[in-house]
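A quick note: this is a predicted structure, and the numbers were derived from the prediction, not measured.
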Amino acid sequence: MTLHLDIPEETFSSILAKAFRNTAFVTGFVITVLILAMAIVSYVWTPYDVTKLIIADKTQGPSPAHWFGTDHFGRDILSMIMVGARNSIAVALVAVGIGMGIGVPLGAFAAARGGLVDEALMRVNDLAFAFPALLSAIMITAIFGPGAVNAIIAIGIFNIPVFARVARAGALAIWPREFILAARAAGKSSTQITVEHVLPNIATLLLVQGTIQFALGILAEAGLSYLGLGAQPPMPSWGRMLFDAQTRMVVAPWMAIFPGMAIVITVLGLNLLGDGIADILDPKSRRQR
């Protein structure tokens, strides 16, 4: 998904007022803040210890003692969802950071140089894009073993060509502008122009794409954990919780319902937040989609 944003000069107060009038942004912002708060709180407090097994309490339904019920080991599902949130967010955040940190300079450099350099970099980029996160994770796991770090590397590698494409497309739209020609006439190098003029003008584009990739990173982490390639037990993970629940859907459906809802709500919130940011900074983007 590539967005082209042409942002008029606006004061912070006008942008803020527009944000609070945007239903998608407000909804996505509230959901995202609540999920982040839940993840942060889990570092200092959870209703129960997620590493403690209480077999006598296994597969208990939702109750005042366990709001979301318990799993097949007697662990509190609400506590596991809270801890799983921080794992999913941490993996997705670092993976997006890797993709943005490498992909954006790569795409901006390709757009600045053009010609054979641009063509060569984009063909390598296309080759990397052909390997999805899941396939990369399987290859990395075969070499180094499963774990959250390898999941981060796999998702991060998948994000690099995404951000490279977006940065290149945005930069190519900026380079023909008059102020870039003026900067060239002033004797500035391509690197200076990229850093001082191109990147600031595509920052919003990258922010929106980063929000989208963050949501996809949550999904990718859940998928990898479901296959046993992500965070390893006893550390809870939303995807691993779904894997554990698949053979107990009849006797304990809450084991799948609540982690599944956590994934859906988190991804929905991030997508709404990204759409809201795009609509606020470029109202025309709503009509173009």
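Counting heavy atoms from C-beta on, the side chains of L227 and F243 never come closer than 4.5 Å. You'll find the side chain of H197 reaches within 4.5 Å of the side chain of K188, heavy atoms only. A heavy-atom distance below 4.5 Å is found between the side chains of L53 and R75. For the pair M235 and V83, the minimum side-chain heavy-atom distance is below 4.5 Å. For the pair M241 and D71, the minimum side-chain heavy-atom distance is 4.5 Å or more. Side-chain atoms of Y48 and L78, non-hydrogen and from C-beta on, never get closer than 4.5 Å to each other. At least one side-chain heavy atom of V104 sits less than 4.5 Å from a side-chain heavy atom of L199.
Nearest approach of V267 to A215, heavy atoms of both residues: CG2-O, 3.8 Å. Considering all non-hydrogen atoms of both residues, L205 and G170 come closest at CD2-CA, 3.8 Å. The minimum heavy-atom distance between L272 and G28, with the atom names listed, is CB-CA, 3.8 Å. Of all heavy-atom pairs spanning P259 and L242, the tightest one is CB-CD2, 4.1 Å. Nearest approach of A39 to I89, heavy atoms of both residues: CB-CD1, 3.9 Å. The shortest heavy-atom contact between T211 and L270 is CG2-O, 3.1 Å.
Distance check: L229 CG to R240 CZ gives 10.0 Å after rounding to the nearest 0.5 Å. A distance of 10.5 Å separates CE in M80 from OG1 in T51, rounded to the nearest 0.5 Å. Note that CG of D275 is 11.5 Å distant from OG1 of T27, once rounded to the nearest 0.5 Å. For the atom pair CD1 of I98 and CD1 of I153, the computed distance is 7.0 Å after rounding to the nearest 0.5 Å. Once rounded to the nearest 0.5 Å, the distance linking OG of S79 with CH2 of W67 reads 11.0 Å. To the nearest 0.5 Å, the span separating CG on D244 from OH on Y226 amounts to 10.0 Å.
Other residues, nucleotides and ligands place no more than 12 heavy atoms under 6.0 Å from the CZ atom of F29. In this structure, I55 places its CD1 atom where more than 12 heavy-atom neighbours from other residues, nucleotides or ligands lie under 6.0 Å away. For CZ of F179, the number of neighbouring non-hydrogen atoms (other residues, nucleotides, ligands) closer than 6.0 Å is greater than 12.
In this structure, S88 contributes its side chain and A85 its backbone to no donor-acceptor pair below 3.5 Å. With hydrogens and angles ignored, the 3.5 Å screen pairs no side-chain donor or acceptor of E196 with any backbone N or O of T194. At distances below 3.5 Å, at least one donor-acceptor pair connects side-chain atoms of N150 with backbone N or O atoms of G145. Checked by atom type and distance alone, the side chain of R248 never pairs as donor or acceptor with a backbone atom of H72 at under 3.5 Å. Of the possible polar contacts, none joining the T46 side chain to the D49 backbone as a donor-acceptor pair under 3.5 Å is found. Formation of a donor-acceptor pair under 3.5 Å by the N87 side chain with backbone atoms of P236 is found in this model.
Residues I35 and V264 fall into different hydrophobic clusters, defined by Ile, Leu, Val, Met, Phe, Trp and Tyr side chains chained together at heavy-atom separations under 4.5 Å. L181 and I174 fall into different hydrophobic clusters, defined by Ile, Leu, Val, Met, Phe, Trp and Tyr side-chain heavy atoms under 4.5 Å apart, directly or through other members. Cluster annotation: I157 and F163 are assigned to distinct hydrophobic clusters (Ile/Leu/Val/Met/Phe/Trp/Tyr, side-chain heavy-atom contacts under 4.5 Å, transitive). Follow the hydrophobic side-chain contacts under 4.5 Å out from I152 and you never reach I143; the two are in separate clusters. In the hydrophobic cluster analysis, where Ile, Leu, Val, Met, Phe, Trp and Tyr join through side-chain heavy atoms closer than 4.5 angstrom, W45 is grouped apart from I40.
With sequence neighbours excluded, the residues forming a side-chain contact (heavy atoms from CB on, under 4.5 Å) with A111 are R168, A171, L172, W175, listed by chain and number.
Of the charged side-chain nitrogens involved, at least one lies within less than 4.0 Å of a carboxylate oxygen, so that R165 and D126 count as a salt-bridged pair.
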Test log, rule side-chain contact (heavy atoms from CB on, under 4.5 Å), inputs M261 and I81: CA-CA 10 Å; M261 287 178 59; I81 288 176; over 6 Å; no
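Ring geometry, F68 versus F258: the interplanar angle falls under 30°, so the pair is classed parallel (tilted spans 30 to 60°).
Members clustered with M122: L106, F109, V117, L121, by chain and number, using a 4.5 Å side-chain heavy-atom cutoff among hydrophobic residues.
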Output a table of donor-acceptor pairs, distance under 3.5 Å, between side-chain atoms of residues 249-256 and any protein atom two or more places apart or on a different chain; print 'none' if there are none.
residue: W254; atom: NE1; partner: Q60; partner atom: O; Å: 3.2
residue: W254; atom: NE1; partner: T70; partner atom: O; Å: 3.1

